[in-house]
Enquirer: 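Before I ask anything, let me first share the structure, which is written out below as structure tokens.
Naming: A, B, ... by sequence-line order, numbering from 1 per chain.
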Number of protein chains: 2
Amino acid sequence: MPQTMTSADLRIRNQVRLLRAVHDAAEPFTRAEAARLLGIGRNTAAALVGELERARLLHEVPAEPSGRGRPTTLLVPHPEGPVAFAVDFREDSWTLASVELGGAATELETAEHDRTPGVFAEIREAVARHGTARVAQIGFATPGPIRDGHRLHISHLGWDEVELDGLLGEGWPPTVIDNDARLAGLAESRRGALRGVGTALHFHIDFDIGGTLLLGGDAQRGAHRIAGEFGHMPLTGSDLECMCGVRGCWSLDVGANALVRRFGAEPGYGTGRELARAILRRAEDGDAEAASAVNDNAAALGKGLGALANALDPEAISLSGLGVDLIRLRGGLIEEHCREALMAFRRDEPPRIVPGTVGAAGPLTGAAEIAWDAILDPVRVKNRL
Amino acid sequence: MPQTMTSADLRIRNQVRLLRAVHDAAEPFTRAEAARLLGIGRNTAAALVGELERARLLHEVPAEPSGRGRPTTLLVPHPEGPVAFAVDFREDSWTLASVELGGAATELETAEHDRTPGVFAEIREAVARHGTARVAQIGFATPGPIRDGHRLHISHLGWDEVELDGLLGEGWPPTVIDNDARLAGLAESRRGALRGVGTALHFHIDFDIGGTLLLGGDAQRGAHRIAGEFGHMPLTGSDLECMCGVRGCWSLDVGANALVRRFGAEPGYGTGRELARAILRRAEDGDAEAASAVNDNAAALGKGLGALANALDPEAISLSGLGVDLIRLRGGLIEEHCREALMAFRRDEPPRIVPGTVGAAGPLTGAAEIAWDAILDPVRVKNRL
DNA sequence: AAATTTATGTGTCCGGCATGAACAAAATCC
DNA sequence: GGATTTTGTTCATGCCGGACACATAAATTT
């Protein structure tokens with residue numbers, strides 16, 4: 001990927017490095033710290049910051065004097081700088097938030113919807129209502145795979161390859177869109193439990209298991225941008241037919257599907273989610289059959305994780321959705337079955353299996369991340385000065 | 001991971017880009033073409049080439065005049081420049097080759113060995129025998145996973161976490177080592193059937209199925225550098241116990257293991273490979289039971305590939321080892337079962353399943369690639385001038 | 001055979017960028 | 001109040017790549 005490299009691009013490159021450092025940092029840092037962090041001189045840092053300040057991308061505020069030495073300034077997002085809008089589009093509702101450099105989010109609006117693609121017009125109205133000239137990019141999280149970034153498929157809403165270009169394209173800021181599970185993983189990788197982990201997996205457990213492979217802080221998308229359907233691998237030897245068109249999918253044995261089916265309910269998508277939560281609660285309260293169902297669930301989950309770890313060798317695996325509850329209730333069982341599925345020589349260094357820390361905000365946070373990735377693109381920054 | 005970037009590093013960066021372009025090109029190209037390719041001026045290209053010529057990394061030879069215009073020079077490896085030694089260490093033999101910039105390989109020696117780690121001393125002698133001052137790096141391909149790059153595990157040779165640091169470390173050129181299946185995949189990605197494919201999978205089918213995920217021309221290694229044991233996922237619902245310590249591994253149903261077991265032989269590693277080849281030949285000649293065994297093999301292979309494609313969304317999948325024969329004999333069957341295992345919405349764009357074109361030289365070629373990757377490291381090039 | 005066209009190499013100048021050293025500024029510590 | 005520490009600022013320097021003009025070598029045209 002090394003693009004053409006002139007000495008002007010070098011400056012841009014350092015500008016972007018600086019902006020990314022500010023964006024990725026957990027706490028604001030000073031100009032001198034920035035210089036040390038990027039390995040550049042204080043003079044160079046001053047020049048970079050000056051330009052970014054003029055371009056309304058960074059702002060300097062006096063820092064609390066801590067110890068001796070000349071007082072310095074903290075680097076914070078510019079109050080008139082660009083912001084990203086993030087949309088978490090779920091099956092029955094959506095949320096719009098504004099996210100500034102560094103990741104600080106402000107929720108703007110949330111609403112239910114009628115489960116037709118008409119919801120996009122509704123969201124556009126909300127964006128127009130809240131939008132200002134500062135909105136530079138929109139990041140969109142949706143359930144379901146999005147082939148090539150513009151054809152959305154949500155089987156249980158009956159959306160079969162909905163063309164998004166017309167729905168998202170013109171008349172509002174540039175948009176990036178991706179799958180919610182993948183974005184939740186990205187959020188964990190950038191700002192959550194997987195921070196700093198080079199090779200990791202994240203799974204969102206709901207009815208399906210969606211997930212993503214995270215390498216060096218980036219979520220892998222695949223050739224058609226529809227990677228991540230880990231739930232549709234036959235990892236547990238099930239014989240049932242799955243809605244996806246295949247038999248034996250892992251997600252038939254893990255998550256809401258399996259819990260609900262155990263109690264004779266249809267694996268629908270509406271009330272089933274609440275039923276699954278109720279089963280977890282009953283298991284927690286000591287109900288024997290519910291406990292058994294949860295046990296089976298955790299075992300199947302662990303087995304699949306072990307199998308995937310054999311192939312992909314992650315350092316850590318984070319879970320969201322029902323996975324958080326499963327770890328809380330049956331963490332040991334998951335690890336035990338994971339271990340059994342691991343090749344023997346791997347068992348002394350199994351992957352850590354941890355609950356995600358970004359929580360339900362995962363897709364929204366991830367959507368903001370890809371929006372900011374787009375804003376912080378070198379050519380984009382260059383055009384802004 | 002953008003490292004510090006001074007204006008001198010910029011020159012190095014472009015030097016490396018130029019060297020990589022020469023290394024990766026299928027055919028030698030001229031200096032003017034290089035300038036166009038890298039997006040730099042002809043004068044800059046001239047300066048770069050001049051320095052690289054003085055550093056004995058590139059050499060210019062007059063080019064055949066092709067059409068009109070002032071005749072130019074071709075960029076070729078310097079006759080006194082560095083070379084990489086590549087070692088393909090197999091269970092029963094090893095091969096040593098010398099590979100120059102651009103990938104041209106010369107086999108130097110091949111020999112059988114006694115299946116003890118003493119073989120490394122033997123290989124060191126061979127390297128000393130053939131080595132010159134030009135040898136800058138050694139790339140090593142071995143069967144079995146190599147944890148963290150220095151602990152080698154080959155279960156069926158009885159090598160349990162053999163420490164390589166003492167065996168490879170000092171007294172010869174710097175060494176990089178990796179798993180043979182992964183290196184075969186890397187070779188396909190750089191110089192074979194997967195050239196230019198952004199997201200791809202490669203599998204080497206022998207007794208086990210080893211493989212690698214290839215992203216942007218790079219083979220993924222995982223957190224402990226032991227990724228790629230795709231054969232040890234339970235993708236086909238087998239109930240057998242595997243040598244790896246897990247039940248139901250995919251590779252029990254695909255490859256030499258499954259073929260040999262069908263005919264009552266032990267899944268050993270010595271003569272079994274030849275028996276598997278014999279079964280393939282018999283199937284080709286019309287033997288019914290052999291044909292049935294091969295059918296089952298191909299079906300299980302396709303099923304696993306489809307499952308993996310659901311999760312990883314590769315554009316193409318290449319196979320080596322027995323996989324080449326299976327494609328030749330039962331390509332349709334593999335694709336059919338792959339399709340069945342694909343989620344319905346993926347079936348109109350299934351991954352291409354192709355035989356590798358690098359062939360048996362895969363591990364050796366891949367070993368040369370990682371050796372050259374090390375040689376073409378920016379700091380390394382910088383030190384050489 | 002001479003002129004033209006096309007593609008390439010060479011030389012020079014210029015602006016941009018990061019470095020490093022020296023100095024200035026602003027706080028704390030003793 | 002002076003020493004120390006940390007940071008900001010200024011300036012000269014070196015290097016890099018781009019732009020331009022010009023030279024060179026062949027093929028094609030006239």
Enquirer: If you find the nucleotide of DNA chain C closest to B:A32 and the one closest to A:I12, which residue's nucleotide is nearer the 5' end?
Expert: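 Counting from the 5' end, the first nearest nucleotide belongs to B:A32.
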
Enquirer: Would A:R17 and A:N14 count as a side chain to side chain donor-acceptor pair (under 3.5 Å) if you check the C-alpha gap in whole Å, the side-chain angles of each, and the deciding distance to 0.1 Å?
Expert: CA-CA 5 Å; A:R17 282 212 299 150; A:N14 278 332; 3.2 Å; yes

Enquirer: What heavy-atom pair brings A:L37 and A:A21 nearest, and what distance separates the two atoms?
Expert: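 Minimum heavy-atom separation between A:L37 and A:A21: CD2-CB, 4.1 Å.
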
Enquirer: How about A:R56: does its CZ atom have over 12 heavy atoms from other parts shown lying under 6.0 Å from it?
Expert: no

Enquirer: Hey, does the side chain of A:Q220 reach the backbone of A:A227 with a donor-acceptor pair shorter than 3.5 angstrom?
Expert: no

Enquirer: Give me, pair by pair, the N or O atoms of the protein and of nucleotides 27-30 of chain C that are less than 3.5 Å apart, along with how far apart they are.
Expert:
from	atom 1	to	atom 2	distance (Å)
C:dC29	O4'	A:R68	NH1	3.0

Enquirer: Could you check whether B:H202 and B:T212, counting side-chain N and O atoms only, form a donor-acceptor pair closer than 3.5 Å?
Expert: no

Enquirer: Specify the separation, in whole Å, of atom CG of B:D9 and atom P of D:dG14.
Expert: 19 Å

Enquirer: Describe, in one word, how the ring planes of A:W372 and A:H23 are oriented to each other, choosing from parallel (under 30°), tilted (30 to 60°) and perpendicular (over 60°).
Expert: tilted

Enquirer: Using OP1 and OP2 only, check whether a side-chain N or O of A:T6 sits under 4.0 Å from D:dC16.
Expert: no

Enquirer: Can you pull every protein N or O that's under 3.5 Å from an N or O on nucleotides 13-17 of chain C?
Expert:
none

Enquirer: Find the distance B:L74:CG to C:dG9:P and express it as a whole number of Å.
Expert: 11 Å

Enquirer: Tell me, which of residues 42-50 of chain A have any heavy atom that sits under 4.0 Å from an atom in DNA chain C?
Expert: A:N43, A:T44

